Amino acid sequence: DGGITQSPKYLFRKEGQNVTLSCEQNLNHDAMYWYRQDPGQGLRLIYYSQIVNDFQKGDIAEGYSVSREKKESFPLTVTSAQKNPTAFYLCASADEKLFFGSGTQLSVL
Amino acid sequence: SQQGEEDPQALSIQEGENATMNCSYKTSINNLQWYRQNSGRGLVHLILIRSNEREKHSGRLRVTLDTSKKSSSLLITASRAADTASYFCATVGAGSYQLTFGKGTKLSVIP
């Protein structure tokens, strides 16, 4: 998956719980992205970061938070405010094109 | 917002046939990209075509871009069972860093 590592592959969230999805890249890319994919659907942008210590909301940021303290890392927290978190989450880094991780499937217990 | 819309939503062909998928978009773009996704996996970049280009080739892939019609097509020639996957177009708007994805075309190649 081109130097992007996402973990865990599967994650289960209890009601009222915050969970954090990990994304690490060794491609030396400045830009990183988080997308959400629902079954049979395209990708929707949650957050993106063009540079360390800076990030912007995408189309569906409500109920999610991110940090970008290091160039290599862009973790995504799914908060308890996200009422429908069950989805496939994809992280990517980019030069002009996107390099994706293998994804995290998040489900609600 | 999903700018790209692929057509058809699903396509089933016999091995050896050609597969054509189309993508339409709404606003001016810097470039358009095609990605492939195998079930349960991340997306893999296939090809990028810039707004001033009309056609690009990569192996068995041929991409065209018509900016006047705001559309693109992806042709896979001599398809193989291993080409079975979902294919997405993504656009980068003029002056933007974001890629906006369509909902994809699910291609099934029957051996």
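Source: prediction; values computed, not measured. Order of the sequence lines sets the chain letters (A, B, ...), proteins ahead of strands, with each chain counted from 1.
- A/L76 and A/L45 fall into different hydrophobic clusters, where Ile, Leu, Val, Met, Phe, Trp and Tyr side chains are chained together by heavy-atom contacts under 4.5 Å.
- Enclosure of atom CD in A/E62 is not indicated, since only 12 or fewer non-hydrogen atoms of other residues, nucleotides or ligands lie within 6.0 angstrom.
- With a threshold of 4.5 angstrom between heavy atoms, B/Q37 approaches chain A through side-chain atoms but not through N, CA, C or O.
- Note: A/Q41 CD to B/K103 NZ = 5.0 Å, rounded to the nearest 0.5 Å.
- Between B/H45 and A/F99 there is no side-chain heavy-atom pair separated by less than 4.5 Å.
- Across all their heavy atoms, A/F88 and B/R41 have their closest contact at CE2-O, 3.6 Å.
- The neighbour count for B/I110 CD1, taken as heavy atoms of other residues, nucleotides or ligands under 6.0 Å away, is above 12.
- Here the shortest heavy-atom pairing between B/F88 and A/Q37 reads CZ-NE2, 3.6 Å.
- No more than 12 heavy atoms of other residues, nucleotides or ligands lie within 6.0 Å of CD in A/E15, so this atom counts as exposed by the packing criterion.
- Contact between B/Q98 and A/Y48 at its shortest, heavy atoms only, is NE2-OH, 3.3 Å.
- Counting non-hydrogen atoms of neighbouring residues, nucleotides and ligands closer than 6.0 angstrom, the CD atom of B/Q9 reaches no more than 12 such neighbours.
- Contacts of B/L48 with chain A are made by side-chain atoms alone, with heavy-atom separations under 4.5 Å and no backbone atom involved.
- The distance from atom CG of A/D59 to atom OG1 of B/T100, rounded to the nearest 0.5 Å, is 7.0 Å.
- In this structure a side-chain-to-backbone donor-acceptor pair under 3.5 Å is missing from A/Y33 to B/L99.
- Atom CG of A/L98 is separated from atom OH of B/Y35 by 4.0 Å, given to the nearest 0.5 angstrom.
- Linking ILVMFWY residues whenever their side-chain heavy atoms come closer than 4.5 Å, directly or via other members, leaves A/L106 and A/Y35 in distinct clusters.
- With a 4.5 angstrom heavy-atom cutoff, A/Q6 does not touch chain B via any of its atoms.
- When the shell of 6.0 Å around NZ of A/K9 is examined, it contains more than 12 heavy atoms from other residues, nucleotides or ligands.
- Summarising the local packing, CZ of B/R80 is surrounded by 12 or fewer heavy atoms from other residues, nucleotides or ligands at distances under 6.0 Å.
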